[in-house]
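Down below is the structure, laid out as structure tokens.
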Amino acid sequence: MSSRYGTNLAPAHAPALRITTTTDSGTARIVHLHGEVDQDQRQRLERALRRALDDRPPRLVVDLAGLSFCDSTGLNALLKTRLAANAAGLPFVLAAPCPQTRRLLEITGTDEVFTIRDSVHAALADTAAHTG
């Protein structure tokens with residue numbers, strides 16, 4: 001709905017979450033997140049992370065560079081995946097969190113439990129990444 005001045009009065013829709021997965025030469029599975037993660041997207045995110053983990057990659061990297069928003073439900077999905085990766089003995093790394101996501105991690109203290117790198121490249125190059 002718009003007025004004669006071109007103002008859109010319809011509620012803005014959040015960008016849909018887009019999830020893509022790539023493999024880096026058999027060294028890691030990378031889950032790329034684009035858009036927003038909230039309660040409406042939680043199940044899709046959890047399924048994608050579970051599938052990536054079920055493949056038992058040498059390392060699981062979650063690329064957060066394209067994530068514009070993440071709430072507590074997204075954080076819980078990442079924490080559940082971290083625990084599952086730890087139980088399976090697989091390194092789990094978060095890469096390139098945007099400022100909002102980095103702030104969420106800092107406020108909740110979870111920046112202390114995740115392995116976080118500034119880029120996917122850094123996450124793949126980090127041979128010291130551990131399962132925590």
Out of curiosity, [X] [atom1] to [Y] [atom2], how far, rounded to the nearest 0.5 Å?
{"X": "Arg59", "Y": "Asp126", "atom1": "CZ", "atom2": "CG", "answer": "6.0 Å"}
{"X": "Leu67", "Y": "Leu64", "atom1": "CG", "atom2": "CG", "answer": "6.0 Å"}
{"X": "Glu36", "Y": "Arg18", "atom1": "CD", "atom2": "CZ", "answer": "14.0 Å"}
{"X": "Lys80", "Y": "Leu75", "atom1": "NZ", "atom2": "CG", "answer": "12.0 Å"}
{"X": "Phe69", "Y": "Leu17", "atom1": "CZ", "atom2": "CG", "answer": "12.0 Å"}
{"X": "Thr81", "Y": "Leu60", "atom1": "OG1", "atom2": "CG", "answer": "7.5 Å"}

How far apart are the closest heavy atoms of [X] and [Y], and which atoms are they?
{"X": "Leu79", "Y": "Phe114", "answer": "CD2-CZ, 3.6 Å"}
{"X": "Gly74", "Y": "Val37", "answer": "CA-CG1, 3.3 Å"}
{"X": "Ser119", "Y": "Ala122", "answer": "OG-N, 2.9 Å"}

Sidechain-backbone polar pair: [X] side chain, [Y] backbone, donor-acceptor under 3.5 Å:
{"X": "Ser68", "Y": "Gly35", "answer": "yes"}
{"X": "Asp55", "Y": "Pro57", "answer": "no"}
{"X": "Asn86", "Y": "Arg82", "answer": "no"}
{"X": "Arg56", "Y": "Ala88", "answer": "no"}

Applying the 4.5 Å side-chain criterion to the ILVMFWY set and letting contacts propagate, would Leu90 and Leu83 be lumped into a single cluster? no
With a 4.5 Å cut-off on side-chain heavy atoms, are [Y] and [X] touching?
{"X": "Arg102", "Y": "Asp111", "result": "no"}
{"X": "Ile116", "Y": "Pro97", "result": "yes"}
{"X": "Ile30", "Y": "Leu124", "result": "yes"}
{"X": "Ile19", "Y": "Leu33", "result": "yes"}
{"X": "Leu104", "Y": "Thr110", "result": "no"}
{"X": "Thr22", "Y": "Asp63", "result": "no"}
{"X": "Asp38", "Y": "Gln41", "result": "yes"}
{"X": "Gln100", "Y": "Cys70", "result": "yes"}

